[in-house]
Amino acid sequence: EQVIALSLVCTHLGCTVTVTPEGLVCPCHGSRFDRQGKVLTGPAERPLPSLMVETEGDLLVVRG
């Protein structure tokens, strides 16, 4: 399995994105993103940035 980490800061105006069972949604202006951060509906035009995930022993550490 692949583990990815995404920034939860909307690329439209910087609101915090909410994680839902259907994907990621910006509560401020309604942008929607899939689980890989790709824009499904705007007004956001850029995907959510990926963050680096590293293994340290038994832990997964997100950096970014």
Side-chain angles (χ1 to χ4, degrees):
E1 277 185 50
Q2 180 183 10
V3 175
I4 64 168
L6 298 170
S7 169
L8 294 180
V9 177
C10 182
T11 55
H12 176 237
L13 289 177
C15 295
T16 301
V17 174
T18 302
V19 179
T20 70
E22 294 78 34
L24 300 109
V25 180
C26 179
C28 296
H29 300 105
S31 294
R32 300 180 74 78
F33 304 87
D34 68 12
R35 295 280 179 162
Q36 286 70 46
K38 178 181 170 189
V39 177
L40 298 175
T41 59
E45 296 179 357
R46 292 176 287 123
L48 297 172
S50 296
L51 303 173
M52 186 182 331
V53 179
E54 297 176 342
T55 304
E56 289 185 8
D58 293 337
L59 302 175
L60 291 176
V61 179
V62 177
R63 303 198 192 280

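The model shown is predicted, which means the values in this text are computed figures rather than measured ones.
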Going from [atom1] on [X] to [atom2] on [Y], what distance comes out if it is rounded to the nearest 0.5 angstrom?
X	Y	atom1	atom2	answer
Q2	Q36	CD	CD	8.0 Å
T16	L8	OG1	CG	7.5 Å
R35	T20	CZ	OG1	6.5 Å
T18	L24	OG1	CG	8.5 Å

Where at least one partner belongs to residues 38-64, residue pairs that pass ring pair (Phe, Tyr, Trp, His ring centres under 6.0 Å), sequence neighbours excluded =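 Output for this query is empty, none listed.
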
Write out all pairs satisfying ring pair (Phe, Tyr, Trp, His ring centres under 6.0 Å) with one or both partners inside residues 19-45, taking only residues at least two apart or from two chains.
->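 Ring pair (Phe, Tyr, Trp, His ring centres under 6.0 Å) check on residues 19-45 returns H12-H29.
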
Residues, nucleotides or ligands: over 12 heavy atoms within 6.0 Å of E45 CD |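 No.
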
Verify the neighbour count for atom CZ of R46: are there more than 12 heavy atoms of other residues, nucleotides or ligands below 6.0 Å?
->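 At most 12 heavy atoms, drawn from other residues, nucleotides or ligands, come within 6.0 Å of this atom.
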
Report the residues that fulfil salt bridge (charged side-chain N to carboxylate O under 4.0 Å, His left out) with E22, sequence neighbours left out, ordered by chain and then residue number.
->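 Expected list: none.
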
Any chain of hydrophobic side-chain contacts (each under 4.5 Å) joining V39 to V19?
->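 Yes, because V39 and V19 connect within a single hydrophobic cluster, where side-chain heavy atoms sit under 4.5 Å apart.
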
Say whether L51 and L48 are linked into one hydrophobic cluster, either directly or through other cluster members, by side-chain heavy-atom distances under 4.5 angstrom.
->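 No, L51 and L48 fall in different hydrophobic clusters.
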
With respect to the side-chain SG atoms, do C26 and C15 come within less than 2.5 Å?
->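 Not so, these two cysteines form no disulfide.
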
Hey, does P49 have a side-chain heavy atom less than 4.5 Å from the side chain of T11?
->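 Contact flag for T11/P49 side chains = yes.
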
Do V61 and V53 have side-chain heavy atoms sitting under 4.5 Å apart?
->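 A side-chain contact under 4.5 Å is absent here.
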
Over all atoms of both residues, closest heavy-atom pair of S31 and G42 |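 Result for this residue pair: OG-C, 3.5 Å.
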
Atom of G30, atom of T41 and distance for their closest heavy-atom approach |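 Result for this residue pair: O-OG1, 3.9 Å.
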
